[in-house]
Amino acid sequence: MDKALRVMACTCGHAIVVFMPVAAAALTKYVRYRKDARTAYGILDGAVIREIAGDLFGPHEETGVTHPLSGVKLLYPCEPPKILAVGRNYKSHLGDRQQPDRPEMFYKPVSALQHPGEPIVIPADAANVHFEGELAIVIGKRVSGATAEQARAAIFGVTCGNDVSERDWQNGPHKDLQWWRAKGADTFAPLGPAIVTGADYGNLMLETRLNGEVVQKQSTADLVFDCPAVVSWVSRWVTLVPGDVIYTGTPGTTRAMQRGDVVEVEIESIGVLQNTVA
């Protein structure tokens with residue numbers, strides 16, 4: 001438990017400074033899953049999912065139905081109306097490039113989404129497809145022209161993302177004008193396994209593993225532009241609505257994945273997003 005400072009007066013008239021335990025914010029993990037032919041949302045509680053009905057981003061309640069986690073198929077945890085992403089948002093990823101003075105945004109199509117446990121499919125003509133483990137923001141309220149505090153209030157929760165990228169299409173001699181396929185090819189946006197609310201998303205450890213080897217590891221405290229700053233910036237021109245997702249950038253260096261590889265993005269308090277490469 002955290003400790004908070006309390007000042008108390010004793011009978012002698014002197015102030016006594018003591019530290020009182022304060023309960024940490026409760027974490028809730030929301031998942032979207034398929035059971036037989038039915039898709040639903042639920043709250044992940046250990047190895048059990050408690051089904052909910054209603055609006056994930058509004059009024060909802062538990063139905064009383066439960067499922068063992070092993071008995072369902074986890075899906076990407078929401079169905080975003082749109083997906084944005086930030087480039088160059090960790091100093092460790094900049095290399096010799098200049099640090100940006102504003103969040104550098106781009107879009108990923110919703111058709112790029114991929115479920116936890118499902119394959120990242122390398123296109124036949126792609127030769128340099130990289131992982132990018134990232135923290136992803138999930139918006140919970142409609143927001144436009146937001147201050148940083150208003151932006152913070154609009155963030156529903158966070159999840160794990162993998163901003164899969166074909167570097168030759170992105171930066172090579174025959175690169176595209178925009179990153180429509182370099183960042184947006186089918187299956188290039190794995191997301192999940194759960195949306196976590198109540199987490200200190202400004203200080204979570206992010207780790208990416210390729211075939212068990214740690215290839216990225218850094219705290220989200222090292223983001224150049226933190227989550228509220230990114231949401232505030234985007235909302236100046238693009239209205240964000242419940243369910244929108246923003247990938248916040250990747251740390252360190254990345255490298256190409258090969259068919260048969262297993263890539264895992266693990267973020268403290270959220271869980272592990274695992275995908276094979278096909």
Side-chain angles (χ1 to χ4, degrees), residues 32-34 73-80 82-90 92-95 97 104-137 159-194 206-218 245-267 270-278:
R32 192 170 70 97
Y33 63 92
R34 185 168 56 241
K73 166 61 182 173
L74 289 184
L75 309 174
Y76 40 81
C78 66
E79 297 180 280
K82 58 182 171 289
I83 305 171
L84 294 98
V86 191
R88 300 191 295 166
N89 205 22
Y90 285 89
S92 61
H93 189 63
L94 292 176
R97 296 171 295 183
E104 298 289 352
M105 308 303 303
F106 57 93
Y107 282 100
K108 291 173 76 78
V110 295
S111 55
L113 284 166
Q114 184 56 299
H115 305 299
E118 293 298 308
I120 297 165
V121 180
I122 296 180
D125 54 347
N128 196 16
V129 178
H130 288 218
F131 56 80
E132 287 194 10
E134 306 195 6
L135 179 76
I137 300 165
T159 188
C160 304
N162 190 343
D163 178 21
V164 178
S165 308
E166 213 295 349
R167 295 293 188 226
D168 293 343
W169 298 343
Q170 182 183 9
N171 300 312
H174 303 292
K175 65 181 181 181
D176 296 325
L177 177 63
Q178 295 187 348
W179 297 344
W180 66 279
R181 58 173 179 160
K183 296 278 193 176
D186 290 349
T187 75
F188 274 24
L191 193 72
L206 183 157
E207 180 175 291
T208 307
R209 297 182 292 271
L210 188 65
N211 301 321
E213 176 191 353
V214 176
V215 288
Q216 292 179 299
K217 188 170 185 178
Q218 194 156 354
V245 168
I246 305 176
Y247 288 63
T248 60
T250 200
T253 57
T254 66
R255 66 181 191 228
M257 301 180 292
Q258 307 298 325
R259 290 169 178 83
D261 284 349
V262 176
V263 59
E264 298 169 293
V265 179
E266 180 172 7
I267 301 179
I270 300 175
V272 180
L273 172 64
Q274 183 187 83
N275 300 90
T276 56
V277 182

For residues [X] and [Y], determine if any side-chain heavy atom of one lies less than 4.5 Å from a side-chain heavy atom of the other.
{"X": "L191", "Y": "L273", "answer": "no"}
{"X": "Y247", "Y": "L84", "answer": "no"}
{"X": "V265", "Y": "V272", "answer": "no"}
{"X": "Q258", "Y": "V277", "answer": "no"}
{"X": "F131", "Y": "V164", "answer": "no"}
{"X": "Q218", "Y": "T250", "answer": "no"}

Listing, residues 115-123 side-chain donor-acceptor contacts under 3.5 Å, not counting sequence neighbours, or none:
unit_1 : atom_1 : unit_2 : atom_2 : d
H115   : ND1    : Y76    : N      : 3.0
E118   : OE2    : K73    : NZ     : 3.0

[X] versus [Y], closest heavy-atom pair with distance:
{"X": "P193", "Y": "C160", "result": "CD-SG, 4.5 Å"}
{"X": "P77", "Y": "G192", "result": "CD-CA, 3.7 Å"}
{"X": "G260", "Y": "N211", "result": "O-OD1, 4.4 Å"}
{"X": "T159", "Y": "A194", "result": "OG1-O, 2.7 Å"}

Tell me which donor-acceptor pairs under 3.5 Å the side chains of residues 104-113 have, and how far apart each pair is, sequence neighbours excluded?
unit_1 : atom_1 : unit_2 : atom_2 : d
K108   : NZ     : D163   : OD1    : 2.6
K108   : NZ     : K183   : O      : 2.5
K108   : NZ     : F188   : O      : 3.0

- Message: Set out, in order, the CA-CA distance, both residues' side-chain angles and the distance that settles side chain to side chain contact (heavy atoms under 4.5 Å, CB included) for K82 and V245, then state yes or no.
- Response: CA-CA 7 Å; K82 58 182 171 289; V245 168; over 6 Å; no

- Could you walk me through whether V262 and L210 pass side chain to side chain contact (heavy atoms under 4.5 Å, CB included), step by step? CA-CA 6 Å; V262 176; L210 188 65; over 6 Å; no

- Item | Side-chain donor or acceptor of E134 paired with backbone N/O of G249 under 3.5 Å | yes

- If only atom types and distance count, is the side chain of N89 paired as donor or acceptor with the main-chain N or O of T248 below 3.5 Å? yes

- In T208, T253, T254, the residue satisfying side-chain hydrogen bond (donor to acceptor under 3.5 Å, both in side chains) with Q216 is T208

- Task: Could you tell me the separation between the OG atom of S165 and the NE2 atom of H130, rounded to the nearest 0.5 Å?
- Result: 8.5 Å

- Query: Roughly how far apart are E264 CD and T276 OG1, rounded to 0.5 Å?
  - Reply: 11.0 Å

- Query: Would R209 and E266 pass as an ion pair if we require N to O under 4.0 Å?
  - Reply: yes

- Message: The test is side chain to side chain contact (heavy atoms under 4.5 Å, CB included); show your working for D176 and Q178 and say whether it passes.
- Response: CA-CA 5 Å; D176 296 325; Q178 295 187 348; 5.9 Å; no

- Message: side chain to side chain contact (heavy atoms under 4.5 Å, CB included) for D168 and K175? Distances and angles first, verdict last.
- Response: CA-CA 6 Å; D168 293 343; K175 65 181 181 181; over 6 Å; no

- Task: Could I get the full list of salt bridge (charged side-chain N to carboxylate O under 4.0 Å, His left out) partners for D186, not counting sequence neighbours?
- Result: none

